Amino acid sequence: MMLELLKSASLLEASIFFLLANLGIFAASVAFCWFLGIAFRHRRIFDRWEPLRGIELAAAFSAIVLNAAVSVAGWKLWTMGHITLHASGIGRAILDCGVMTLFMDLGMYFFHRVVHHPRLYRLFHRFHHRHESTNPISLFVLHPLEVIGFGSLMIVFLAAYPMSVPGLMAYLALNVLFGTLGHSGVEPFPERLRSIPVLGLIGTSTFHAEHHEHPRYNFGFYTLVWDKLFGTLDPEYEARFSGAARGAQDR
Ligand SMILES: [Zn+2]
Ligand SMILES: [Zn+2]
């Protein structure tokens, strides 16, 4: 089985595995972003994507390598027994995925607000905010400390919570999915999402795109829960989301 193979792998084998896995995640995210841009071209949030620049490609490559390094650190802690993973049925997997998503959303909300403090912003987070609009690699254009911070938060959670393997896989897939959606510049979610209980709290593409335009608002990633609770949801959010979902943006 894959997990047993991974557990008995050498450090070099695990490093190669996680580097390839993270390269694959990057490629899948970029390809999916291009697909979204074409499939939902009538529901644009921004007029166009920002052009790709060399420094951003370099930052994205460093994020891939650092994500792989964090994965190897998590793998090492797992092989040493500090992180426990177990098999589970679908019910437990959904519960675990929900718990991890809400925990990570709260943790990232908190750290995201902290790095918007003017001093820290200049040092770390300004790079991700180089543009008001985004492009298919924006998700990976992060300061190295942001990449390590995100990975460390995930490791802290996994060290404290006995996570099921399918729950973890589902969370990792959701993380890339939401990161890609938030930087795609288009709004694939239907307008009626807003009025559906619980689903209306999903962090849509418009939600994170607005953060790039108005960095005082929308610090969460997967949900609107923490921004609503702490009063930082962009007052224009509902109108912008509806407009983008209807394909009626006037920008
Ligand atoms: Zn962003
Ligand atoms: Zn930000």
Side-chain angles (χ1 to χ4, degrees), residues 25-26 28-30 32-34 36-37 40 44-53 55-64 66-67 101 104-151 153-154 174-189 202-237 240-241 244 251:
I25 289 168
F26 173 76
S29 169
V30 170
F32 184 52
C33 202
W34 279 108
L36 287 171
F40 295 96
R44 292 210 66 82
I45 303 167
F46 301 129
D47 293 339
R48 60 181 179 90
W49 279 325
E50 287 292 331
L52 293 181
R53 293 185 172 83
I55 184 148
E56 291 169 358
L57 281 168
F61 182 71
S62 109
I64 293 166
L66 282 172
N67 274 330
T101 302
M104 291 297 292
D105 206 35
L106 175 61
M108 287 197 288
Y109 176 91
F110 173 74
F111 286 113
H112 194 182
R113 275 195 82 168
V114 168
V115 290
H116 270 271
H117 181 281
R119 277 197 180 164
L120 295 172
Y121 184 79
R122 277 196 298 277
L123 283 174
F124 303 115
H125 193 49
R126 185 167 56 177
F127 194 52
H128 183 70
H129 280 275
R130 282 159 59 89
H131 315 299
E132 273 197 4
S133 54
T134 54
N135 65 35
I137 68 162
S138 293
L139 170 59
F140 298 88
V141 179
L142 295 165
H143 189 284
L145 280 180
E146 292 179 304
V147 180
I148 293 169
F150 172 73
L153 190 63
M154 212 152 64
L174 277 184
N175 175 51
V176 179
L177 176 69
F178 275 86
T180 306
L181 284 170
H183 295 97
S184 66
V186 295
E187 185 51 84
F189 287 104
I202 284 177
T204 61
S205 295
T206 306
F207 173 64
H208 188 69
E210 273 194 319
H211 175 70
H212 278 261
E213 277 186 298
H214 308 146
R216 287 189 301 141
Y217 299 118
N218 303 5
F219 296 97
F221 281 94
Y222 313 123
T223 75
L224 316 182
V225 170
W226 309 114
D227 282 286
K228 281 199 169 204
L229 204 61
F230 298 119
T232 50
L233 185 67
D234 192 333
E236 291 177 17
Y237 172 70
R240 283 294 303 277
F241 170 69
R251 295 163 48 85

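One-based numbering, in listed order, for ligands and for the atoms of each. Throughout, residue positions are numbered sequentially from 1 according to the sequence presented. All values derive from a computational prediction rather than experimental measurement.
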So which of Asn218, Thr206, Asp227 actually passes side-chain contact (heavy atoms from CB on, under 4.5 Å) with Asp234?
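Of the listed residues Asn218, Thr206, Asp227, the side-chain contact (heavy atoms from CB on, under 4.5 Å) partner of Asp234 is Asn218.
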N/O/S of His208 less than 2.8 Å from the Zn ion (ligand 1)?
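Yes, His208 qualifies, because one of its backbone or side-chain N, O or S atoms lies under 2.8 Å.
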To the nearest 0.5 Å, how far apart are CD1 in Ile137 and CZ in Arg53?
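Here the interatomic distance stands at 10.5 Å.
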Angular separation of His125 NE2 and His129 NE2 about the Zn ion (ligand 2), given to 10°:
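Value returned, to the nearest 10°, is 90°.
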Where the Zn ion (ligand 2) is the centre, what is the NE2-to-NE2 angle for His116 and His211, rounded to 10°?
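About 90° at the Zn ion (ligand 2).
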Here's a test for you: under ring-ring contact (aromatic ring centres under 6.0 Å, His included), which of His112, His143, His212 qualifies with His128?
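Output: one option passes, namely His212.
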Check: His129 ring centroid to His116 ring centroid under 6.0 Å:
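Judged by ring-centre distance (under 6.0 Å), His129 and His116 do meet the cut-off.
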Three-point angle His128:NE2, the Zn ion (ligand 1), His183:NE2, rounded to the nearest 10°:
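Answer comes to 100°, rounded to 10°.
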